[in-house]
Amino acid sequence: MRVLSLALVLFVFWLLLSGHFTPFLVISGAVAAILTAALGLRLGYSDEEGHPIELLPRGLLYWPWLVKEAALSALSVARVILDPRLPISPRLVRVNTTQRGAVGYVTYANSITLTPGTITVEADRPTGTLVVHALTEAAAQGLRSGEMDRRVTAMEGSG
Amino acid sequence: MREHLPALQVLVPLFGALLCALVRRPRAAWLIAAVVSWIVPVIAVMLLAQVLGTGVVSYHLGGWDPSIGIEYRVDALNGLILVLVSGMAAVIAPFARRSVAAEVETGRVAWFYTMYLLALTGLLGIAITGDAFNAFVFLEISSLSSYALIALGSHRRALVAAYQYLVLGTIGATFYVIGVGLIYVMTGTLNLGLMAERIGAVQSTRPVLAALAFITVGISLKLALFPLHVWLPNAYAYAPSTATVFMAATATKVAIYLLVRFLFSVFGVGFVIADLPVTPILTVFSVAAIFAAATVAVFQSDAKRMFAYSSVAQVGYITLGVALATATSLKGGLIHIVGHALAKGGLFMALGAVTMRSRAFDIDDLCGIGRRMPLTMAAVVVAGLSLIGVPGTIGFVSKWYLVVAAFERGWWWLAFLIVASSLITVVYIGRFVEAAWFREPSAAAMGATEAPVSMLVPIWLLAVATVFLGLDARLPAGIAEQAASALGLR
Amino acid sequence: MTGETLIALALVIPAATALLTPLFARHPNLRESVTLLGTVLLFAALLALLSKVLGGARPALHVLDVVPGLAVAFAVEPLGMLFATVASGLWIVTSLYSIGYMRANHEVRQTGYYVAFAAAIVATVGIALAGNLFTLFLFYEMLTLVTYPLVIHHRTPEAKAAGRLYLMMLLGASTVLLLPAIAWTAVAAGTLDFRPGGILAEKLSPTALAMLLALFAFGIAKAALVPLHFWLPAAMVAPTPVSALLHAVAVVKAGVFFVVKVIVYVFGVETLSTSGAGDWLVFAAAGSILIASMVAMTRDNLKARLAYSTVSQLGYVVLGAALATHWGIVGSGMQIATHALGKITLFFCAGAIYTVHHKTEVSELAGLGRVMPVTFAAFLVGALSIIGLPPGGGLWSKWYLVLGALDGGQIAIVAVLMISSLLNVAYLLPIPLRAFFGTAEGEATNGRAAEAPLPLLLAMSATSLACVILFFFPGIVFNPLQSMATQ
Amino acid sequence: MTLDLVREWLGGGLVAAGAAFMLIGAIGLLRMPDVFTRMHATSVSDTLGAGLILLGLVVLAGASLAAVKLLLLALFFGLMSPVSTHAVARAALHAGVKPVLADGVEVETSSREGQSSTR
Amino acid sequence: MMLAAALVAVLLAAAMMVGRAVLGPSVFDRLVAANAIGNAAILILALYGFLGGRPAFLDIGLAYAMLNIIGTFAVLKFLRFGALGATGEEERP
Amino acid sequence: MKELVGNLAAHFNQWITVFLMVSGLYIVIARGNMIKKLIGLSLFQTSVYLLYISPGKILGGTAPILEDGVSVYANPLPHVLILTAIVVGVATLALGLALVVRINEAYGTIEEDEIFERDTRG
Amino acid sequence: MRLDVILRITAKLILPMMLLFAVYVQFHGDYGPGGGFQAGVIAGATVILYALIYGLGATMVVVPVAVVEALIPLGVLVYAATGVMGLLTGGNFLDYSHLADDEVHGQEWGVFVVELGVFVTVASTMVAIFYAVAGRGRR
Ligand code: NA
Ligand code: NA
């Protein structure tokens with residue numbers, strides 16, 4: 001089932017890339033998508049980690065928030081960079097996570113890194129914690145508020 | 001099939017290389033290499049005969065017009081080079097079997113022949129193509145496979161030699177392709193013939209002058225013109241003997257062909273020689289090569305290195321023939337290409353046989369080897385005489401033309417430099433011959449026995465050829481004459 | 001047989017001898033028979049050719065064109081014919097002598113010795129009969145290379161050092177000076193063929209002609225013109241028969257023959273005399289004659305003294321040719337023949353003395369004449385011929401050289417020739433005289449067999465006899481030369 | 001006509017703004033004191049810099065294949081840029097590179113098992 | 001005009017990043033800079049392709065982005081294990 | 001405006017070409033580390049790619065007008081040439097790296113001076 | 001060394017994308033820059049990414065060395081043999097006009113097969129180089 005879903009997604013990916021809808025290319029795309037998805041059974045990417053399609057609907061709600069967050073952080077870091085005094089106070093902080101699945105955990109870690117001002121330096125899955133390098137006290141504070149953690153966990157859903 | 005000979009000239013060795021890579025068995029790989037090496041000269045000779053009979057042979061790859069596609073084009077000049085390169089391959093093939101088996105570990109023999117045939121493909125391709133960029137591709141095919149061949153040498157220094165050659169060879173090839181790119185930008189074509197037609201309109205512009213410089217320096221690196229020769233001695237000294245023979249006999253020669261093609265065909269004699277100081281500059285470097293490299297050769301203790309430096313010096317004579325840019329001088333240069341290929345090929349083959357039998361490289365360790373391997377070392381004497389340029393060998397014919405060309409120009413001092421340089425050759429050849437023949441045998445020499453027939457035959461074939469062509473060089477001279485007049489040299 | 005066939009035979013016979021000799025390496029008698037057969041056949045062929053030439057024929061043989069303009073071709077003319085015949089005749093004698101000498105001295109590498117010797121004769125014949133400069137140059141270089149193993153025959157350090165000097169001086173001069181000279185000639189004249197009257201008439205300025213002549217005269221180092229003579233004394237380390245035939249006859253005569261040939265057939269006597277381009281060479285040769293003679297006097301080693309004598313005598317040949325007069329050329333040619341006979345006799349004697357008594361120094365020879373009367377008698381005849389005194393044929397060559405000098409108005413040269421003859425007397429005559437009349441210091445005879453082995457005696461007798469014959473019948477040499485010089 | 005003009009100005013403006021953030025990121029890369037803080041600077045380039053430029057180009061391209069590909073490119077950026085940043089940061093830390101920390105800040109990574117003191 | 005200015009600005013940024021790559025000091029600094037340069041290059045490709053009206057440059061950009069990541073991983077792995085083929089990243093229970 | 005932009009970009013092209021060439025060559029010459037040399041070499045080769053997409057008239061000369069009005073730059077396709085040059089570059093780099101790896105095994109170092117030292121010593 | 005979950009999850013996510021992108025590039029050579037070479041590079045890079053994440057041993061099980069080394073010459077062979085087909089069907093070397101009934105289709109087929117050969121060679125060469133370099137230097 002997941003293989004078929006992956007094949008479908010890949011086929012859409014193909015069509016978006018291609019822009020040419022000749023029979024030859026469309027059929028080739030379909031065949032390529034199916035073969036690639038099937039190959040995933042051997043290479044191990046056609047599972048719930050490699051193709052977490054069920055997260056897509058709630059992901060569509062999370063991502064815009066992330067983009068906004070990243071943009072705001074970028075602005076504040078840009079201000080720091082352009083400040084003649086370079087007002088930074090770098091620190092390493094350990095944060096706890098509440099995600100259940102690996103995909104959610106990684107999404108949180110990557111979201112932290114994507115937002116300027118914080119970088120996930122170490123992902124310690126067994127303990128469910130992340131070590132984060134923060135550029136400023138404010139950036140660290142933003143993490144401690146735990147909003148991003150909550151939103152990612154929400155994206156994971158109940159299933 | 002006859003009209004497809006130009007394509008087959010390159011395809012046959014290419015397919016041979018691929019087959020070698022697929023079969024992976026040493027004996028089968030050698031057999032493939034040998035068969036290919038015996039087919040390619042047949043094709044080359046047929047092509048040359050066609051050229052001499054009915055004129056230039058042109059072949060359009062894919063049927064495309066030369067303005068947009070790749071053209072293979074054979075005239076007297078590259079016809080001669082094709083025959084030389086493929087002929088040397090044919091002679092090397094029987095030699096290679098025992099030599100490669102002795103010097104290269106069994107698991108890599110097929111790889112050796114794959115690279116060997118790829119190198120052959122590249123060299124034949126450079127010679128036959130009428131497309132400047134295609135020539136670059138073939139140049140790199142031959143170069144990359146040469147690096148791989150050198151790295152197969154048994155000493156660890158072979159690796160370093162291959163690396164150094166790779167660095168310098170890549171710089172040279174890149175210079176070349178930059179030059180080609182500049183011409184391409186200015187003329188809109190990569191076809192050598194079309195370039196020649198169109199370059200007149202832009203010939204004194206900065207990019208074209210830069211292109212001339214880039215191409216000349218780039219190819220000079222490849223042909224090891226002093227002082228751009230530093231890669232050559234180690235490469236020749238540490239490569240497996242068969243690879244050394246092949247490279248020494250063919251690789252630098254093809255590079256010189258390319259230089260001639262660009263200087264006289266593309267840029268044109270009228271421009272390069274009349275308007276620019278190419279002759280004096282190239283003459284200075286050639287003479288420097290002849291003297292400096294030969295002098296260094298005198299002081300080498302390793303026989304292969306000695307003859308490697310000798311190659312750098314001998315290349316100087318060829319480039320001198322190019323530099324003087326007259327019909328006579330080019331004849332001298334082209335005949336020297338042939339003569340040096342035969343003599344140096346024979347010498348390196350003989351050294352390969354000696355290495356196989358005695359495991360010695362140093363001249364001091366090879367004392368008295370003439371007594372144990374008289375037939376091999378007699379051939380060394382003959383080839384050495386040709387290298388010196390003793391009358392009756394082909395080496396004399398080329399030097400004769402060079403000296404005459406110098407006098408024709410009124411450069412009597414150059415004539416004296418040319419002949420004086422032969423004396424240095426006498427010294428290092430004499431040193432080797434004296435050690436081999438007139439000294440008490442060393443331990444290594446005592447353990448040696450005469451080379452096998454499969455090696456003696458090719459060695460003597462080359463030695464006899466140097467004498468035969470020294471007594472009757474009308475064929476190469478005639479071809480060279482035709483080539484010179486086609487290039488517009490008088 | 002046609003002239004062409006004879007020319008071919010003259011080259012093929014010694015070549016075949018060289019190739020067949022190694023086949024009999026294990027059978028010395030057979031091997032030497034092959035050599036002797038070769039010498040006799042060659043002489044016969046050359047005599048046949050000589051008779052044609054004396055009959056006015058000028059046989060020629062075009063072998064091949066290396067490239068257009070560079071031909072291997074032969075053309076017989078009197079001077080070359082004479083040189084070839086003398087060399088070949090002396091090869092017979094020397095071979096006979098060699099057999100005795102090599103066996104008596106238990107020399108090693110005898111097979112190689114005979115092979116190289118025959119090869120040297122191929123080269124000499126090729127030089128003598130060459131029809132153009134390229135062919136001459138070809139065989140000239142070949143001669144250098146095949147005689148190199150003979151020079152280093154003993155493989156001792158000094159032999160190898162001498163060999164190196166030999167090779168480097170001869171090859172050096174021929175490549176650095178001679179080859180450019182030939183190339184220059186080709187460019188200026190458009191041909192390399194030898195032609196009566198020369199090929200350079202009105203092609204070069206007098207200065208250029210003089211320079212070209214210098215290139216030839218010094219480039220042909222085998223002519224041993226001072227200061228390019230050092231290789232010759234050094235080469236004396238070779239076994240004596242080698243010194244005898246090669247370094248008294250074949251090699252050095254090839255050198256002066258080359259010079260004469262170039263002057264007569266490349267420059268042209270006429271061109272040379274009207275341009276005055278040869279004047280300097282006359283004086284250079286004269287200098288060479290005097291210097292070498294004086295050095296010869298200082299040498300105690302017999303072979304070294306003979307070598308310097310040779311250097312001096314070669315100067316006569318060059319001088320005669322450089323005079324560029326009719327009699328000068330004739331004298332020059334005669335000097336080639338008479339000196340060959342005289343000097344080979346002296347070397348034969350030197351070899352005999354070494355073989356029997358192991359004496360090499362002049363000072364050791366006092367009193368020895370009484371134990372080796374035949375040897376020293378031959379020595380005396382040879383010496384007289386070289387000095388130019390009766391009953392030696394050398395008288396005639398000196399005579400015509402003086403005539404030539406007078407013709408050219410070179411009175412100073414006449415004086416030089418006179419002084420030189422006195423010097424010759426001073427360094428040559430004391431040797432036989434002290435041998436006959438002096439008293440030995442210590443044991444002269446060494447308690448051994450007195451006179452030389454028979455082959456040696458036969459050889460030296462033959463050559464000294466020839467010296468005498470030339471005194472009484474100079475026409476043998478004179479007539480062909482006269483016909484050449486009047487062309 | 002006016003729509004095209006607006007689009008052109010809007011797109012151009014976005015691209016220019018993105019380029020400005022690229023510059024800011026580059027300045028930060030030069031100014032910051034250590035490897036970790038420098039990564040924060042490049043984050044600015046990777047997010048706002050790249051994002052705005054690609055978005056601007058999408059606006060300029062309009063509804064076309066190019067726009068789709070630009071969006072795919074942006075998506076890829078968003079996905080992979082943090083991964084490689086994290087990879088480098090982790091590698092640097094493991095290789096023993098000591099981060100420059102503000103005065104008086106305690107390192108909170110001393111104990112892997114221990115609870116975070118910030119919670 | 002704005003596109004051109006943007007192109008110049010990005011090139012300038014790339015030049016500054018090259019400065020960091022040259023200055024280092026640690027290999028990780030260079031790696032960070034190289035990554036940034038790679039991203040800038042992709043944007044330059046996009047802008048350049050857009051200016052030249054050749055959207056095909058975007059495919060190149062995409063491919064380049066993929067290769068860039070792999071290059072970074074390869075270098076990191078090499079730095080950590082001295083070999084690219086080490087199995088250090090494999091999952092353990 | 002487009003032309004101006006094109007010109008500007010083209011000049012950048014030229015500068016970058018020269019910059020890559022010079023810096024690549026510098027690294028090749030100045031560095032003793034064999035891998036760094038290879039990187040310099042690759043950089044040097046990269047300059048070629050840019051050269052082949054340079055339009056003709058920016059290089060100081062005027063491109064000849066050939067076959068009135070027909071664009072001579074349409075063929076042969078520059079991108080095919082660049083692609084080929086890239087293949088060559090990658091192949092060179094790969095072979096070079098393979099050599100360096102084996103040199104490292106044989107010598108225990110990839111610093112040129114140390115290698116020469118080890119060769120002359122033993 | 002602990003597992004880095006971020007790398008593993010992300011790799012799983014993009015591996016199929018890269019493979020498909022490779023095929024896309026392979027099939028769209030006529031429309032833009034690309035074709036066999038780029039596709040081969042991307043495909044080869046995908047295998048390399050797999051090896052970087054999962055290790056050389058696991059990769060060599062999925063993509064064996066012998067297969068890789070045979071594919072390199074095989075790809076070139078496909079390329080050259082297609083060119084020779086042109087020669088055998090009455091045209092010049094590399095002339096694909098006569099490979100199909102009409103010229104255009106012949107060319108298309110020729111280029112398609114040739115690009116396939118290029119793809120195979122380039123991808124396998126990249127993997128072979130990686131194997132050669134990565135397999136060494138383990139200390
Ligand atoms: Na961040
Ligand atoms: Na394409």
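These values consider heavy atoms only, across backbone and side chains, with no hydrogens, waters or symmetry-generated copies. The chains referred to below are lettered A, B, ... by the order of the sequence lines, with proteins before strands, and numbering in each begins at 1.
- The candidate from L13(G), I9(G), L20(G) with the greatest count of non-hydrogen atom pairs under 4.5 Å with chain A is L20(G).
- Taking the six-membered ring for Trp and the full ring otherwise, F13(A) and Y24(G) have centroids separated by 6.0 Å or more.
- Comparing A37(A), A109(A), P52(A), S28(A) by heavy-atom pairs within less than 4.5 Å of chain G, the highest count is held by S28(A).
- Between W14(A) and H28(G), a ring centre-to-centre spacing shorter than 6.0 Å is recorded.
- Contacts with chain G were tallied for L39(A), T36(A), T120(A), L10(A); L10(A) has the most, counting heavy-atom pairs under 4.5 Å.
- Comparing V9(A), T107(A), D47(A), V103(A) by heavy-atom pairs within less than 4.5 Å of chain G, the highest count is held by D47(A).
- Side chains of S46(A) and R2(A): a donor-acceptor N/O pair is absent below 3.5 angstrom, by distance only.
- We find that R58(A) and E156(A) are not joined by a salt bridge, their nearest charged nitrogen and carboxylate oxygen being 4.0 Å or further apart.
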